[in-house]
Amino acid sequence: MKKTWNIVLLPVAVLTMMLAIFGPRLLTGYRDRNVLGRIREQEVDSAGAGYRYQLSSNEKLFILSECLNSQKRPEAEGSKPGREEETTESSYQEGTYAFVVNYEEETSRESFYASLNDGIALLKEEGILPSQIQEIVPQQYEAALYSAIDVLEPRNNVAVWKLNLISSRQNMNQENRLLDAYIDADSGKLYEFYIRTDMEWADIDAQALVRSWAEYMGLYGMEEYETKNPLLETTPYYQKYVFPGIGDERTIVTVGFYEGIDELFLKITK
């Protein structure tokens, strides 16, 4: 009887040992065949997931104005005296805002210039730029990509192209040309511009121009900026408007005209 019992237990013991050795491997292979290479849907609780902070047009305008506020404005060749020369530094920081050159240009210059000319055509249609303004020829301009950054809140940043007509070419005809501009790197819209035109200040409806520009930029809350300070500009031909910024701050937008050189500008300041 004992011998018979041993005969029965021996195969059971061998089978148990085999399962202990090879069982996990076989089970893993089976599960892999059922999981790998197959698409499965699964609900995920996203209540705690993060999000990409997106600035409004007014906030972007304010951040850029803060960065440009202390920067010396670009000087177009032959410009009105009093308009400051362009800074030679590629990056700078003033207070809690920094304007930093971006060496990793994700957007190619070719596509930038193409989209810029599309934008200029749109600005002509909207009456923001005179219809006589010429298209941009890349070989005649210098463009650099910058980031305007709120240092205390780095997520608050704006990528912009800084565009300048090459002033070293002395014989270049500047009439009806875009001289300088700051352009949004994402949307291609112009925050600032200086142009030579054959128009006169009496021909320019500054309020209508700024209203059209604000709609084009997606800005809200435009109001006239009333001031009696005659020293704010180096020309008597200008009008100022104000837009809400971040918190209680605001951005001032100026439309002006330099008589004699027939230069129309729209610029932003703090």
Side-chain angles (χ1 to χ4, degrees), residues 60-61 63-94 97-124 128-130 132-149 157-197 213 216-217 234 254 256 258 261-269:
K60 293 171 71 174
L61 185 73
I63 291 170
L64 180 59
S65 72
E66 285 282 353
C67 289
L68 298 182
N69 185 53
S70 61
Q71 183 194 30
K72 293 181 179 180
R73 297 286 169 174
E75 172 76 17
E77 182 182 352
S79 289
K80 181 79 172 180
R83 187 173 166 203
E84 296 179 356
E85 295 184 358
E86 180 183 2
T87 178
T88 57
E89 295 187 16
S90 60
S91 302
Y92 71 90
Q93 179 172 340
E94 177 70 17
Y97 290 87
F99 197 56
V100 182
V101 67
N102 189 343
Y103 293 102
E104 298 180 2
E105 299 178 0
E106 298 179 1
T107 306
S108 67
R109 295 180 188 276
E110 291 79 9
S111 61
F112 160 67
Y113 282 115
S115 63
L116 177 58
N117 277 319
D118 291 340
I120 289 176
L122 177 60
L123 289 171
K124 291 180 184 179
I128 300 170
L129 291 182
Q132 298 86 355
I133 295 300
Q134 302 179 38
E135 284 195 348
I136 301 299
V137 179
Q139 293 77 14
Q140 298 174 346
Y141 286 84
E142 294 176 343
L145 188 61
Y146 285 81
S147 292
I149 304 171
N157 64 84
V158 184
V160 295
W161 285 94
K162 182 178 180 181
L163 184 73
N164 304 105
L165 183 68
I166 299 175
S167 59
S168 59
R169 299 181 179 180
Q170 301 293 333
N171 296 325
M172 181 181 295
N173 182 7
Q174 297 182 352
E175 185 177 355
N176 292 320
R177 288 184 183 274
L178 179 67
L179 303 180
D180 307 297
Y182 285 95
I183 301 141
D184 191 284
D186 295 324
S187 67
K189 295 182 177 181
L190 277 70
Y191 288 105
E192 273 196 8
F193 58 80
Y194 291 80
I195 61 172
R196 288 289 172 82
T197 175
W213 172 80
Y216 153 82
M217 294 295 297
T234 56
T254 305
Y258 292 124
I261 58 173
D262 298 333
E263 183 171 320
L264 172 67
F265 64 86
L266 184 150
K267 68 178 181 179
I268 58 176
T269 53

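Salt-bridge check for Glu263 with Arg196: passed, with a basic side-chain N closer than 4.0 Å to an acidic carboxylate O.
Here the closest heavy-atom approach between residue Thr197 and residue Pro130 is recorded as OG1-CG, 3.9 Å. Across all their heavy atoms, Leu61 and Trp213 have their closest contact at CD1-CH2, 4.0 Å. Contact detail for Ala181 and Leu190: the closest heavy-atom pair is CB-CD2, 4.3 Å. Here the closest non-hydrogen pair linking Ala143 and Leu163 is CB-CD1, 4.0 Å. Counting all heavy atoms, side chain and backbone alike, Ala185 lies closest to Leu145 at CB-CD1, 3.7 Å. Pairing each heavy atom of Ile136 with each of Asn117, the nearest pair is N-OD1, 2.7 Å.
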Show your reasoning for whether side chain to side chain contact (heavy atoms under 4.5 Å, CB included) applies to Asn102 and Ser147.
CA-CA 6 Å; Asn102 189 343; Ser147 292; 3.9 Å; yes
Full working for side chain to side chain contact (heavy atoms under 4.5 Å, CB included) between Lys60 and Val158
CA-CA 6 Å; Lys60 293 171 71 174; Val158 184; 3.8 Å; yes
Carefully, step by step, assess Ile149 and Tyr97 under the rule side chain to side chain contact (heavy atoms under 4.5 Å, CB included).
CA-CA 6 Å; Ile149 304 171; Tyr97 290 87; over 6 Å; no
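Side-chain atoms of Tyr191 and Asp184 include a donor-acceptor pair closer than 3.5 Å.
Geometrically, Lys189 engages Tyr216 in a cation-pi contact, judged by NZ or CZ lying under 6.0 Å from the ring centre and within 45° of the ring axis.
Aromatic ring centroids of Trp161 and Phe112 lie under 6.0 Å apart. For Tyr194 and Tyr258, the gap between ring centers reaches or exceeds 6.0 Å.
Taking OH from Tyr141 and CZ from Arg177, the interatomic distance works out to 6.0 Å, rounded to the nearest 0.5 Å. Going from atom CG of Leu122 over to atom CG of Asp118 covers 9.0 Å, rounded to the nearest 0.5 Å. A distance of 11.0 Å separates CG in Asp186 from OG in Ser115, rounded to the nearest 0.5 Å. Rounding to the nearest 0.5 angstrom, the gap separating the CG atom in Leu266 from the OG1 atom in Thr254 is 8.0 Å. Between Leu264 atom CG and Ile133 atom CD1 the span is 8.0 Å, to the nearest 0.5 Å. Taking CG of Leu116 as the reference point, atom CG of Leu123 lies at 9.0 Å (rounded to 0.5 Å).
For the side chain to side chain contact (heavy atoms under 4.5 Å, CB included) with Leu165, the qualifying choice from Val137, Leu179, Leu178, Asp180 is Leu179, the only one to do so.
The shortest distance between side-chain heavy atoms of Glu192 and Ile268 falls below 4.5 Å. You'll find the side chain of Phe193 reaches within 4.5 Å of the side chain of Leu129, heavy atoms only.
Under the side-chain hydrogen bond (donor to acceptor under 3.5 Å, both in side chains) criterion, Asn157 pairs with no residue at all, not counting sequence neighbours. Applying the salt bridge (charged side-chain N to carboxylate O under 4.0 Å, His left out) test to Asp262 and every residue at least two apart in sequence or in another chain returns nothing.
Aromatic ring pairs are classed by plane angle as parallel below 30°, tilted from 30° to 60° and perpendicular above 60°; the pair Tyr182 and Phe99 is perpendicular.
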